[in-house]
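Okay, structure first, notes after.
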Amino acid sequence: MKLSTPFQLGPFRLANRIVMPPLTRMRAGRADGAPSPLAAAYYGQRATEGGLIIAEATQISQQGQGYPQTPGIYTPDQVAAWRPVVQAVKKRGGIFFLQLWHVGRISHSSFQKDGGLPVAPSAIRPAGNAFTNEFKRVPHETPRALELNEIQRIVADYRKAAENAKQAGFDGIEIHAANGYLIQQFLEDKTNHRTDRYGGSIENRARLLFEVVDAVSEVWPIDRVGVRISPFSDVGDVADSDPTALYAFVVEGLAARGICFLDLIEARARAGLVDQTVRRQGL
Ligand SMILES: Cc1cc2nc3c(=O)[nH]c(=O)nc-3n(C[C@H](O)[C@H](O)[C@H](O)COP(=O)(O)O)c2cc1C
C-alpha cells in the first residue's frame, strides 16, 4: 500500500494514509482544563492539507480526569479555548477529530469533586501508581463502584461533550475505549464484576460502549464517529478471560452501526510504561 496516496475515510478525502494519533500532552490550564494558545501552535504546526489529526484525550467531565493539566470539553470556557486550536488546523486544510475520554479508576481523588474517590464498574484497585493533580505519583486508590443511575449520567456527559466538540468546530470525534480507561474497564472481566445489566455477559459488559456510541451519534453523523480499542493490552491493569469473543462482539456491533473508523492499538505497551516515562522525564 502506498502511504502517500489518497484515502476516502467516510466523508473525508485524506491526502495520504498517515494519521497523527491522540497524544496526551498535559499542557492545559491547571485550574480550568482549557487548552492554552500553545495547543493552537502545536496542532497548527502538525496540520497538513487533507491530513487527519486526532487530538489528545480530552475529559468529558471533571470525574473523567486522571492526569494533571489535561484538557476538558465540558465547560463553555473549554469550548471557547478549543476554537482557535481547531482554526489553526483548519487554516492549513487539516481534518481534526477530538478524542473523548473518561479515565474511570485511573483517576485520583485530587481530581474529584470534594476529594471523592474515582469511579469504576467495580471497587477493584488497579496495580501501579496514579498521578495526583499536583504531579505526584502515588499508589492507586480503590475506586467506588458506580451506582446504576450514575451510568446514565456518564452517557449524558459523553453526549454533551460530543455536542461541545461540534460547537468548537471539530470534524468528528473518537471515543476512547482503549488503554485501560473507563469503557475498557466495563468491557473486560478482570475489572468488571457487576451483577446488573452492565456486568456478567459480554453483551452486558459492552453495553456502556454501545450506549455511548449511540448517544454521540444523536449529535454527530455516525460516519464522523471513530472508536479506539486496545484488545489484549494490559495497560491500566485490565484483562479479559476471553478477549477474542469479547472483541469479536464489540467489532461486530460497531461495524453494524457504520462508524467512521476503528482505531486499534497493538498491545505492545506494558503496565509500568507510564512510570518508566515519568522517571525518564524526571517528573
Ligand atoms: C506521550 C504519549 C501520549 C499518549 N496519549 C494518548 C492519548 O491521549 N490517547 C490515546 O488513545 N493514546 C495515547 N497514546 C498512545 C498513542 O496514541 C499510540 O497508540 C502509541 O504511541 C503506539 O503507537 P501505535 O498505536 O501506532 O502502535 C499516547 C502515547 C504516548 C507515547
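Hydrogens, waters and symmetry mates are skipped; everything else that's a heavy atom, side chains included, is used. In each ligand, atom 1 is the first atom listed, and ligand 1 is the first ligand listed. Residue numbers run from 1 in the order of the sequence given.
For Phe96 and Tyr43, the ring centers sit closer than 6.0 Å to each other.
Salt bridge absent: Arg207 and Glu203 never bring a charged side-chain N and a carboxylate O closer than 4.0 Å. Salt bridge annotation for Arg144-Glu150: present, with a cationic side-chain nitrogen under 4.0 angstrom from a carboxylate oxygen.
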Q: Could you walk me through whether Phe261 and Phe97 pass the side-chain contact (heavy atoms from CB on, under 4.5 Å) test, one step at a time?
A: CA-CA 12 Å; Phe261 59 81; Phe97 273 49; 3.6 Å; yes
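Closest approach of Ala215 to Arg159, counting heavy atoms only: O-CG, 3.6 Å. Here the shortest heavy-atom pairing between Phe131 and Gly66 reads CB-O, 3.9 Å.
Close N/O approach between His176 and ligand 1 is found [any backbone or side-chain N/O within under 3.5 Å]. By the 3.5 Å distance cut-off applied to N or O atoms, Ile265 is not counted among the residues near ligand 1. Among the atoms of Ala57, some N or O lies under 3.5 angstrom from an N or O of ligand 1. Below 3.5 Å of separation, one finds no N or O of Glu174 facing any N or O of ligand 1.
Selection from Val235, Asp263, Val19, Leu23 by nearest heavy atom to atom 2 (C) of ligand 1 gives Leu23. Considering Glu56, Met26, Arg228 only, the shortest heavy-atom separation from atom 12 (N) of ligand 1 involves Arg228.
Using cut-offs of 30° and 60° for the angle between ring planes, the Phe232 and Tyr247 rings count as tilted.
In the vicinity of Thr24, heavy-atom distances shorter than 4.0 Å reach the ligand 1 atoms 3 (C), 4 (C), 5 (N), 6 (C), 7 (C), 8 (O). Close approach to Asn179 involves these atoms of ligand 1, each under 4.0 Å from a residue heavy atom: 10 (C), 11 (O), 12 (N). Atoms of ligand 1 lying under 4.0 Å from at least one heavy atom of Pro21, given by number and element, are 17 (O).
Residue contacts with ligand 1 leave out Glu266, since none of its heavy atoms falls under 4.0 Å from the ligand.
Tyr198 and Glu211 form a side-chain donor-acceptor contact under 3.5 Å, judged by distance and modelled atom types alone.
Residue contacts with ligand 1 for Gln99 involve side-chain atoms from C-beta outward but no N, CA, C or O (heavy atoms, distance under 4.0 Å).
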